[in-house]
Amino acid sequence: MLDPKFIRSNPDLVMAGLTNRGAEIAPVENFLSVDEEWRKLTAKIDERKARRNAASEQIAQLKKNKTDASKLLAEMKVLSDEIKTLEDEQKGFERQIEEIVMAIPNIPQATVPKGKDCRDNLQVRMWGEKRKFDFKPLPHDELGKKLDILDFDRAAKISGSRFVVYKGLGAALERALISFMLDLHIKENGYTEVMTPAMVLPESMRGTGQLPKFEEELFRCRDDELYLIPTAEVSVTNLYREEILPSGSLPIKHVAYSPCFRREAGSYGKDVKGIIRQHQFNKVELVKFVEPDKSNDELEKLTADAELVLKKLNLPYRIMQLCSGDLGFSAAKTYDIEVWFPSENQYREISSCSNFESFQARRANIRYRPAKDAKPEFVHTLNGSGLAVGRCFAAILENYQKADGTLEIPEVLKKYL
RNA sequence: GGAGGAGUACCCAAGUGGUCUAAGGGGGCGGUUUGCUAAACCGUUAGUGGCGAAAGCCAGCGUGGGUUCAAAUCCCACCUCCUCCGCCA
């Protein structure tokens, strides 16, 4: 969430930022008026409480001296009832403010290109040579079926649409990719591995920004207040929720493998073929907690760390900077990595690397001490896929297929298979 | 799932309705002393949010409610941890 004090003192800046991303500005105006009411009321309540505290001391003295206090008691009874009424009103305002502020998205950084949707995203760089095929490359799902390593029909039987069964070398390849990515980030890029729960409390979803606005995209348990994570970002970022990290502990860099669960509500008819868009998929996620003035540098590094996976696999890709209108709810700046799919003759997203600045840290109350006895400040959080394993699997099938319908194995994966 | 017990500040811990403005100890920080270190002694130490120019005031003892003029303290619910029993990969 944004800092209420920042909204209060810079409403024009906030509204301009929201307009750039195509969001409503009404919540800001709404906030300003409720906030004003709340501040007035709070001052009023504090005043009355100060009076009550003073009277309490008097009553204690009177009782001690065995003097009659009934007049003061009666007075305080009235005052206390009044305080209670005002406090109920105050809680109402607080709930309203919380609801409003939690629904306001992050403000894009000044350097983020202005635009409406993904067509206005900016290509930052490209890498790799697109392979020249002397045959017509098959789409990954057809190839997977032919090789008997992907089974869509049986997956649909047991779980419905948008699921897949990996079989034989398919399962082995998926597993190899996970191990390869983890090892790379741990050994070469300096991340510490964590393996976290795939089910989390609503507070965690609020911490990273999935709730309260995007509940329809989540799988929820019927009998327990638990949600399946749509990305390891949720459980890993919330590791340090409600904590003050000691000075010198930043940056913290975690890598986590997790299954991810998404309802994909509203994407009917989109990417229905293949394993590009599934209700359950595997992902290796990179998450960083850094000092505020370093977060943009750290975003460049994080993106480079994710890119290294594709470089080692020799898969052509490009880096896109998302325009203001295409940014996710919590992000202030985002690079997407898109990998080449020869059968479709197009690039497709395989990673999204974002700087959330203090947006998630404030929601999740994650702070650090800049120096030993300094006051705590909110950290900046970042994350990025490093990478989406299923999409990487698909890209390997497509880019490494041979004319005879078999598959070449990327050099770096051989020791994992 | 059942039965007990416990949550107080960086840590340990006292506190069963009113100078609790939370005792005491440890640790940290600052100081005195000192050739240096240690010891001793003195001082200091919850983060945070709100109002205010400031002084200050208000909130805060796991969380949320309630009782009361007044709650760390009494009542209710919940959460977490510990011990034992049962079940279980």
Side-chain angles (χ1 to χ4, degrees), chain A residues 1-10 31-102 195-207 221 223-227 235 238-250 259 289 292 358-379:
Chain A
M1 65 191 247
L2 300 174
D3 183 356
K5 273 191 271 185
F6 182 80
I7 306 177
R8 194 184 292 149
S9 44
N10 306 277
F31 165 80
L32 291 172
S33 77
V34 180
D35 178 62
E36 179 66 26
E37 294 291 320
W38 175 81
R39 278 194 295 164
K40 274 194 226 157
L41 184 62
T42 302
K44 206 165 155 186
I45 290 171
D46 285 354
E47 211 178 274
R48 280 159 179 69
K49 282 186 175 172
R51 227 195 297 156
R52 182 175 68 182
N53 286 347
S56 263
E57 236 169 279
Q58 281 179 40
I59 290 168
Q61 282 304 319
L62 293 176
K63 293 243 171 192
K64 213 176 186 178
N65 303 335
K66 306 241 190 281
T67 317
D68 176 52
S70 56
K71 191 166 167 244
L72 197 49
L73 287 180
E75 240 174 76
M76 285 306 106
K77 170 87 180 142
V78 175
L79 184 65
S80 272
D81 286 347
E82 194 192 350
I83 289 173
K84 198 169 286 178
T85 309
L86 294 174
E87 275 184 331
D88 285 346
E89 206 183 328
Q90 183 191 38
K91 265 176 225 156
F93 285 140
E94 279 166 5
R95 270 192 283 268
Q96 277 185 61
I97 289 170
E98 162 108 350
E99 196 183 312
I100 295 166
V101 176
M102 288 294 270
M195 210 179 265
T196 53
M199 302 173 87
V200 300
L201 295 166
E203 294 94 287
S204 298
M205 289 293 186
R206 293 175 75 83
C221 294
D223 293 329
D224 298 282
E225 272 262 279
L226 287 170
Y227 294 84
S235 34
N238 279 282
L239 274 178
Y240 303 108
R241 179 151 53 84
E242 308 292 339
E243 288 193 32
I244 299 171
L245 303 164
S247 63
S249 53
L250 299 185
F289 304 82
S358 60
F359 190 84
Q360 294 181 325
R362 188 168 282 110
R363 287 176 160 246
N365 198 22
I366 306 169
R367 292 172 294 173
Y368 79 109
R369 281 187 209 285
K372 199 158 185 337
D373 293 308
K375 278 193 151 201
E377 281 178 31
F378 290 111
V379 303

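Basis for what follows: all heavy atoms, side chains included, without hydrogens, waters or symmetry-related copies. Sequence lines set the chain letters: A, B, ... in the order given, protein chains first and strands last, and positions in each chain run from 1.
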Open item on the list: In this structure, how many angstroms lie between the P atom of B/C51 and the NZ atom of A/Lys49, rounded?
Closed with: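 It works out to 15 Å between those atoms.
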Task: Whole angstrom value for the distance that separates P of B/C57 from NZ of A/Lys44 - done: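 Atom-to-atom, A/Lys44 to B/C57, this comes out as 23 Å.
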Say you pick atom [atom1] in [N] and the same atom in [M]; how far apart are they, in whole Å?
N	M	atom1	answer
B/G43	B/G25	P	11 Å
B/G5	B/C69	P	32 Å
B/G49	B/G1	P	39 Å

Answer yes or no: does a side-chain N or O of [X] lie under 4.0 Å from OP1 or OP2 of [N]?
X	N	result
A/Asn53	B/G18	no
A/Lys5	B/G50	yes
A/Lys84	B/U67	yes
A/Arg39	B/C51	yes
A/Lys91	B/G64	no
A/Ser80	B/A70	yes
A/Arg52	B/A70	yes

- [ ] Would you give the length of the straight line joining atom CD of A/Glu75 to atom CD1 of A/Ile59, rounded to the nearest 0.5 angstrom?
- [x]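 With rounding to 0.5 Å, CD (A/Glu75) is 9.0 Å from CD1 (A/Ile59).
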Task: Criterion side-chain contact (heavy atoms from CB on, under 4.5 Å) on A/Arg39 and A/Arg8, from CA distance to verdict - done: CA-CA 12 Å; A/Arg39 278 194 295 164; A/Arg8 194 184 292 149; 3.7 Å; yes
TODO: Please determine, for B/A9, whether a Watson-Crick or G-U wobble partner exists with both distances under 3.5 Å, and give it or none.
DONE: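 Because no pair has both required distances under 3.5 Å, B/A9 counts as unpaired.
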Open item on the list: Does this structure show an ion pair linking A/Arg206 with A/Glu98, if we count only N-O contacts that are shorter than 4.0 Å?
Closed with: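 Salt bridge between A/Arg206 and A/Glu98, a charged N being under 4.0 Å from a carboxylate O: yes.
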- [ ] Please determine, for the side chain of A/Ser56, which listed nucleotide (B/A70, B/C58, B/G47) has the closest atom?
- [x]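 Nearest to the side chain of A/Ser56 among the choices is B/A70.
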Open item on the list: Counting neighbours of CD on A/Glu99 that are heavy atoms of other residues, nucleotides or ligands and sit closer than 6.0 Å, is the number greater than 12?
Closed with: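 No, not enclosed.
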